[in-house]
Amino acid sequence: MHLTATTQFGLEELLADELYALGADITHVGSRAVEFIGDHRLLYETALWSRLSMRLLRPFAAFYAADEKALYREVSRIDWQDFIGPGQTFAITPVVNRSTFEHSLFVAQLTKDAIVDQFRARTGERPSIDTRTPDIRLHLRMTENEVILSLDAAGDSLHRRGYRQHTNEAPLNEVLAAGLVMLSGWDGKKPLIDPMCGSATILTEAGLISQRIAPGLFHQGKFGFENWYDFDPELWNQVREEAQAQRLEEPQAYLAGSDLDPKTIDMAAANITAAGLEDCIRLSVRDVKDATAPAKEAPGIVLTNPPYGERIGEEAQMAALYKTIGDSLKSNFQGYSAFVFTGNLEAAKSIGLKPARRTPLFNGPIDCRLLKYELYRGSRREPRTDSAPAGN
């Protein structure tokens with residue numbers, strides 16, 4: 001079957017690598033999406049194992065709709081009994097870009113009308129709409145009036161892992177957090193420290209990676225494909241059991257986080273416990289200026305997402321915070337690679353280190369960068385070993 005996995009901007013190549021490792025035949029890497037071919041086993045494994053997919057879609061129809069009549073007509077030409085069974089509810093998730101239709105909700109309404117009218121004409125009954133937990137979630141993408149209709153294999157965004165009990169004011173979504181861990185090049189073995197961990201999403205995603213835990217095992221309720229006409233329950237149970245057997249119980253890496261607010265650390269602890277990682281991640285209440293590398297561990301990675309300071313008048317406060325972050329990195333984490341993910345590039349200048357790499361990403365609508373800093377031990381300058389005179 002042809003499948004499409006959507007992701008966040010900047011994570012497309014990593015997602016393609018992840019899908020390829022699962023056995024996918026990659027056909028196209030586009031903006032925020034990867035198209036690939038696979039069988040039912042791959043579909044189920046992707047739903048369970050993909051850390052970078054937001055949505056997992058199975059396209060089944062494509063057409064051009066110049067206007068309302070054309071959209072209604074083309075949707076009506078599809079035999080909807082192939083996709084929505086007797087008594088099943090459905091919903092439509094619309095995404096409309098650069099089209100003559102201005103409102104995505106109008107497009108969804110018109111599509112829904114065409115589907116319902118077909119059922120009413122053929123069977124005398126109409127399927128019900130359930131926008132929260134439909135049996136069948138349809139995904140409609142319209143770009144410049146070109147329409148692609150897909151079945152949503154998860155039924156919900158895959159970033160909603162299901163382990164998160166609490167969040168702080170501005171949480172990272174789980175896909176982005178996993179993406180940051182992967183972009184850092186972390187090997188799953190070295191220490192990973194988050195000195196401003198918030199609700200610990202970065203640490204939790206790192207823990208799931210190092211312990212070989214499939215994030216889809218936390219999914220709440222049924223996956224969308226469990227309601228499809230060609231669902232294979234025996235294969236699905238087998239794939240789930242294989243995923244559960246992959247888990248490593250013994251902690252594989254030193255993972256630690258801290259935050260200034262005790263309530264935030266309590267929230268982080270609840271999330272970590274819900275993910276079954278309470279034995280793998282250490283938490284403490286600590287100011288970022290007091291964060292230190294573990295004494296008995298080889299250098300690893302610092303990865304953190306500090307506040308961006310979006311309220312008016314916070315510029316000086318943010319500059320001071322980012323200076324503190326920089327001072328802590330330079331003094332307490334020599335030999336580490338540090339990654340700071342921020343949407344405040346002006347404040348980031350106060351870190352006082354030159355980034356070795358700047359990776360463009362988005363956190364929701366906020367234009368962000370993942371800034372990499374190499375924290376060298378002592379001076380970067382190596383002593384000269386030759387006796388050549390200066391100037392040569």
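Every value quoted in this text rests on a predicted model; they were computed, and no experiment measured them. We use all heavy atoms of the structure for the numbers below, so side chains are in, but hydrogens, waters and symmetry mates are not.
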Q) How long is the gap from NE2 on His159 to OG1 on Thr6, to the nearest 0.5 Å? A)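 Going from NE2 on His159 over to OG1 on Thr6, the span is 11.0 Å.
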Q: Enter the distance from Lys330:NZ to Tyr373:OH here, rounded to the nearest 0.5 Å.
A: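 Reported to 0.5 Å precision, the distance equals 10.0 Å.
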Test of understanding: clusters of I, L, V, M, F, W, Y form through side-chain heavy atoms closer than 4.5 Å, transitively. Do [X] and [Y] belong to the same one?
X	Y	value
Phe63	Leu57	no
Ile193	Leu260	no
Leu138	Val95	no

Q | CA sep, side-chain torsions, deciding dist, call: Tyr163, Leu277, side chain to side chain contact (heavy atoms under 4.5 Å, CB included) | A | CA-CA 11 Å; Tyr163 65 71; Leu277 294 168; over 6 Å; no
Please work out whether the ring planes of [X] and [Y] are parallel, tilted or perpendicular, with thresholds of 30° and 60°.
X	Y	value
Tyr44	His40	perpendicular
Phe225	Phe231	tilted
Phe333	Tyr336	perpendicular

Around [X], counting heavy atoms of other residues, nucleotides and ligands shown, do more than 12 lie under 6.0 Å from its [atom1]?
X	atom1	value
Glu346	CD	no
Gln238	CD	yes
Arg141	CZ	no
Ile148	CD1	no

Q: Verify side chain to side chain contact (heavy atoms under 4.5 Å, CB included) between Asp79 and Gln118, making sure each step is shown before the conclusion.
A: CA-CA 9 Å; Asp79 188 347; Gln118 185 188 97; 4.2 Å; yes
Q | Test log, rule side chain to side chain contact (heavy atoms under 4.5 Å, CB included), inputs Cys197 and Ile202 | A | CA-CA 7 Å; Cys197 70; Ile202 288 173; over 6 Å; no
Heavy-atom closest contact ([X] atom, [Y] atom, distance):
X	Y	result
Ser210	Gln252	O-CG, 3.1 Å
Asn271	Ser199	ND2-O, 3.1 Å
Ser150	Phe60	C-CE2, 3.6 Å

Q: Have a look at Ile281 and tell me which of Leu203, Asp194, Leu192 forms a side-chain contact (heavy atoms from CB on, under 4.5 Å) with it.
A: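 For Ile281, the side-chain contact (heavy atoms from CB on, under 4.5 Å) test succeeds with only one of Leu203, Asp194, Leu192, which is Leu203.
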Q) side-chain contact (heavy atoms from CB on, under 4.5 Å) with Gln8: which of Leu361, Leu15, Asn173, Asn363? A)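 Exactly one option meets the side-chain contact (heavy atoms from CB on, under 4.5 Å) with Gln8, and it is Asn173.
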Q.
Is there a side-chain contact between Glu242 and Glu45 in this structure, where contact means two heavy atoms from C-beta onward sitting under 4.5 Å apart?
A.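 Result yes, sub-4.5 Å side-chain heavy-atom pair found.
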Q | Student check: side-chain heavy atoms of Met267 and Asp261 closer than 4.5 Å | A |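 Side-chain contact under 4.5 Å: no.
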Q. Does the pair Val181 and Phe339 meet the rule for a side chain to side chain contact (heavy atoms under 4.5 Å, CB included), with working shown?
A. CA-CA 9 Å; Val181 173; Phe339 294 82; over 6 Å; no
Q | Short side-chain to backbone donor-acceptor contact, Arg161 and Phe218, under 3.5 Å | A |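 Checked: no pair found.
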Q: Answer yes or no: is there a donor N or O on one side and an acceptor on the other, between the side chain of Asn344 and the main chain of Tyr308, under 3.5 Å?
A: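 Pair found, side chain donor or acceptor close to backbone of Tyr308.
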**Q.** Residues Asp117 and Arg120 bridged, charged N to O under 4.0 Å
**A.**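 Yes, this pair counts.
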Q. Are Phe90 and Trp80 close enough that their ring centers fall under 6.0 Å?
A.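 Not under 6.0 Å, so no.
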